[in-house]
Amino acid sequence: MHNVTVVLILLLAVVASAFVSRLLPLSVPLPLVQIAAGAGLSYGFGMTVPLDPEFFFLFFIPPLLFLDGWRIPKSAFFRDARPIVTLAIGLVLFTVIGVGYFVHWLIPAVPLAAAFALAAILSPTDPVAVSAIASQSPIPSRLMHILEGESLLNDASGLVCFHFAVLAVITGTFSLLDAGVDFLQAAGGGVVAGVAVAWLIGVLNRWLVVAAGEDPGTQILISLLVPFAAYMAAEHIGGSGILAAATAGITMHYTDLVGRRLAATRMQRRAVWDTIQMALNGVIFVILGAQLRSTLEGLPQVAAELGLESAWWLAWYVLAITVVLSVLRFLWVWSSLKFTLFRKKDKDSATEKKPSILLMLVTAFAGVRGALTLAGILTLPYLLPDGGAFPARDLLIFLAKGVIMLSLLTASIALPLLTRDLDLRPEPAMGAGEGEARAAAAEAAMIRLRQINEEVSGSDDAGAEAVARVMELYQRRLDYGIREGEEAQRLRRLAESERSFRLEAIRAEREQLFQMWLADKLDDQVHQSLLRELDLIENALSRERGH
């Protein structure tokens, strides 16, 4: 009962912090409010949060990575794949090496392998925290997509590096060749497991839906289980469960489109996953705040073990590591974007030929550490195989927590100021625009309605009249671009027929949009936006039919 009570209190703190952040006279990022709420629970009520690191990592990480992979705009991801990959993989390795050696130099009591572990877990960034911080001064969409893509991949690469660094501490040995082979094995196993699990579940699910019908509640539950199934399957075969969860999310995006779930399923599932994301991220930050008291109370002992005269030296360590992280990120961003996004041979760059200092600063400060860093650092083992304590475990956890809070604080101040005058060249258009997509979908609906009209003509006067009315609706949309609701019902049979034919037309629209997206003729975001619009209309018509 105690654990259940703690969970309920944490969720209540997440809800309360959401309201408090909106009611505050100053714009304070939600993660900072949630950390403050956790600290209030600790100092005000003496609340402690018992954590099992393995359970914590399994419960929080797979769904968050899965959702990132599922929702990231695929067209934007592949358009800017080069800068994303250089940031997500190259910057992670650059950070691990640079920060690892710096921490070992700064604090000689920390073994080099343990310093690499800290650097690896500090390398992933948190787009949720960045979005919350930049809500008042939004980051340009193209840069935000690059940051989202970076976060999706660097979550996996950073945590894989973290795993190998911890393994080096435990075993006392490290081989670059063996680590490279193990990395390829873990990465390959994770990708294969993620694709296989999501694809197999998608195929089996479609077969069951055809045989027994689709129930939105069941479909939502299946989507919630997929990331855990992918994670556990990958871990079982020696692959990376982290990569498996992210890959399963990307695969699920495609299998879901091919399967064409019901509109009610997509709408309800989107709401459930929004709630899951808010709850998991919020609980992690509340836990971070709840552990602040015990962390601060343990600082004198940590300082004494390091031979420091004052615990304030530890705060300077946090500041120094945060500064080095920002400098390394700035240098890497400058060099990588210069040769990817801002190449001189690009002819479509009408606004910029080279990266600006302002853009580099925004990208550097956007490297906020968050939930993933906290979740990972808490999985450090307490003991080594020989029974000895993990070296500098308490210090590493404190440094990671300190960097998280300091990066959140500095970004919440810097990003709104830097993004005011930021001008990033717009995303290159991909395929048809929204207007062309609407016209193409309406044309597909008209073709389907003409087919239905030929089928019912002469045999059902009411049906023919209903088809004509629906065709008139789409014709008005084509001619004037005006979307109107259905006309008042004259006869129940006429209204029922009209709803039925409108549903057929909507299905034709959706199929046309899907084919355009599949052929790379429609941007992913436009596709998703129009799909949600059709879902709303279809759901409303289906509810009318039910009544």
Side-chain angles (χ1 to χ4, degrees), residues 29-32 34-35 38 49 51 53 56-65 68 87-88 91-96 98-100 102-103 110 114-133 147-148 150-166 242 245-246 280-292 295 317-319 321-326 328-329 364-380 392-412:
L30 181 58
L32 291 179
Q34 290 167 340
I35 292 174
V49 182
L51 290 176
F56 187 71
F57 201 78
L58 171 64
F59 185 78
F60 282 90
I61 300 305
L64 292 176
L65 290 180
D68 285 344
L87 291 174
L91 180 56
V92 166
L93 298 177
F94 187 56
T95 301
V96 170
V99 175
F102 175 77
V103 170
V110 178
F116 283 150
L118 175 64
I121 205 59
L122 290 175
S123 60
T125 53
D126 190 343
V128 175
V130 175
S131 299
I133 292 170
L147 294 174
E148 289 173 346
E150 175 199 3
S151 176
L152 176 63
L153 295 182
N154 72 13
D155 285 348
S157 57
L159 287 172
V160 169
C161 291
F162 174 73
H163 168 75
F164 286 121
V166 172
I242 302 154
L280 291 182
N281 278 289
V283 166
I284 288 178
F285 285 114
V286 173
I287 290 175
L288 174 60
Q291 292 191 332
L292 186 61
T295 301
Y317 290 161
V318 170
L319 177 61
I321 293 172
T322 304
V323 170
V324 170
L325 279 170
S326 299
L328 292 178
R329 182 175 176 84
F365 278 106
V368 177
R369 276 67 191 176
L372 194 74
T373 296
L374 177 62
I377 199 66
L378 291 176
T379 63
L380 285 176
R393 183 180 188 275
D394 293 338
L395 174 63
L396 297 179
I397 293 177
F398 166 75
L399 293 176
K401 292 178 180 179
V403 170
I404 291 173
M405 288 187 281
L406 186 57
S407 66
L408 283 170
L409 183 61
T410 54
S412 64

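In this chain, residues are counted from 1 in sequence order.
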Q: Does Arg369 use its side chain to pair, donor to acceptor, with the backbone of Ser407 at less than 3.5 Å?
A: no
Q: Counting distance only, does the side-chain N/O of Thr373 pair as donor-acceptor with the main-chain N or O of Ile121 below 3.5 Å?
A: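 Between the backbone of Ile121 and the side chain of Thr373 there is a qualifying donor-acceptor contact (under 3.5 Å).
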Q: Which atoms form the tightest heavy-atom contact between Ala120 and Val96, and what is the distance?
A: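 For Ala120 versus Val96, the nearest heavy atoms are CA-CG2, 3.6 Å.
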Q: Would you indicate whether the side-chain heavy atoms of Ile242 and His163 approach each other to under 4.5 Å?
A: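 Not in contact.
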Q: Taking all non-hydrogen atoms of both residues into account, name the closest pair between Phe116 and Ala165 and its distance.
A: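 Minimum heavy-atom separation between Phe116 and Ala165: C-CB, 3.9 Å.
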Q: Taking the side chain as everything from C-beta on, heavy atoms only, tell me whether Ile404 gets closer than 4.5 Å to Ile377.
A: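 Not in contact.
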Q: With a 4.5 Å cut-off on side-chain heavy atoms, are Leu408 and Ile35 touching?
A: yes
Q: Are Leu374 and Phe285 packed together at the side-chain level, in the sense that at least one heavy-atom pair is separated by less than 4.5 angstrom?
A: no
Q: Return the CG to CG distance between Asn281 and Leu30, rounded to the nearest 0.5 Å.
A: 9.5 Å
Q: Is there a side-chain contact between Leu288 and Met405, using heavy atoms and a 4.5 Å cut-off?
A: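 A side-chain contact under 4.5 Å exists here.
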Q: Can you name the closest pair of heavy atoms from Ser326 and Ala364 and give their distance?
A: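 Closest approach of Ser326 to Ala364: O-CB, 4.2 Å.
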Q: Nearest 0.5 Å, please: how far is CZ in Phe59 from CG in Leu64?
A: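 CZ of Phe59 is found 10.0 Å from CG of Leu64.
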Q: Hey, are the side chains of Thr125 and Leu147 touching, using non-hydrogen atoms and a 4.5 Å cut-off?
A: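 Thr125 vs Leu147: side chains apart.
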Q: With sequence neighbours left out, write down each residue that passes side-chain contact (heavy atoms from CB on, under 4.5 Å) with Ser123, or none if nothing qualifies.
A: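 Partners of Ser123 by the side-chain contact (heavy atoms from CB on, under 4.5 Å) criterion, ordered by chain and then number, come out as Val92, Thr95.
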Q: Ignoring hydrogens, what is the shortest heavy-atom contact between Glu150 and Ala88? Give both atom names and the distance.
A: O-CB, 3.6 Å
Q: Do you know the tightest heavy-atom contact between Gly158 and Pro124?
A: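 Gly158 and Pro124 have their closest heavy atoms at CA-CG, 4.2 Å.
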Q: Could you grab the distance from atom OG1 of Thr379 to atom CG of Leu58, nearest 0.5 Å is fine?
A: 12.0 Å
Q: For residues Val103 and Tyr317, determine if any side-chain heavy atom of one lies less than 4.5 Å from a side-chain heavy atom of the other.
A: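 Val103 does not reach Tyr317 side chain to side chain.
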Q: Does the pair Ile321 and Leu122 meet the rule for a side-chain contact (heavy atoms from CB on, under 4.5 Å), with working shown?
A: CA-CA 10 Å; Ile321 293 172; Leu122 290 175; 4.0 Å; yes
Q: Give the minimum heavy-atom separation between Gly100 and Ala119, together with the two atoms involved.
A: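 Reported closest heavy-atom pair: N-CB, 3.6 Å.
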Q: Checking Val324 now: which residues fulfil side-chain contact (heavy atoms from CB on, under 4.5 Å) with it, not counting sequence neighbours?
A: Val99, Phe102, Leu328
Q: For the atom pair CG (Asn154) and CG (Leu93), what is the distance rounded to the nearest 0.5 Å?
A: 11.0 Å
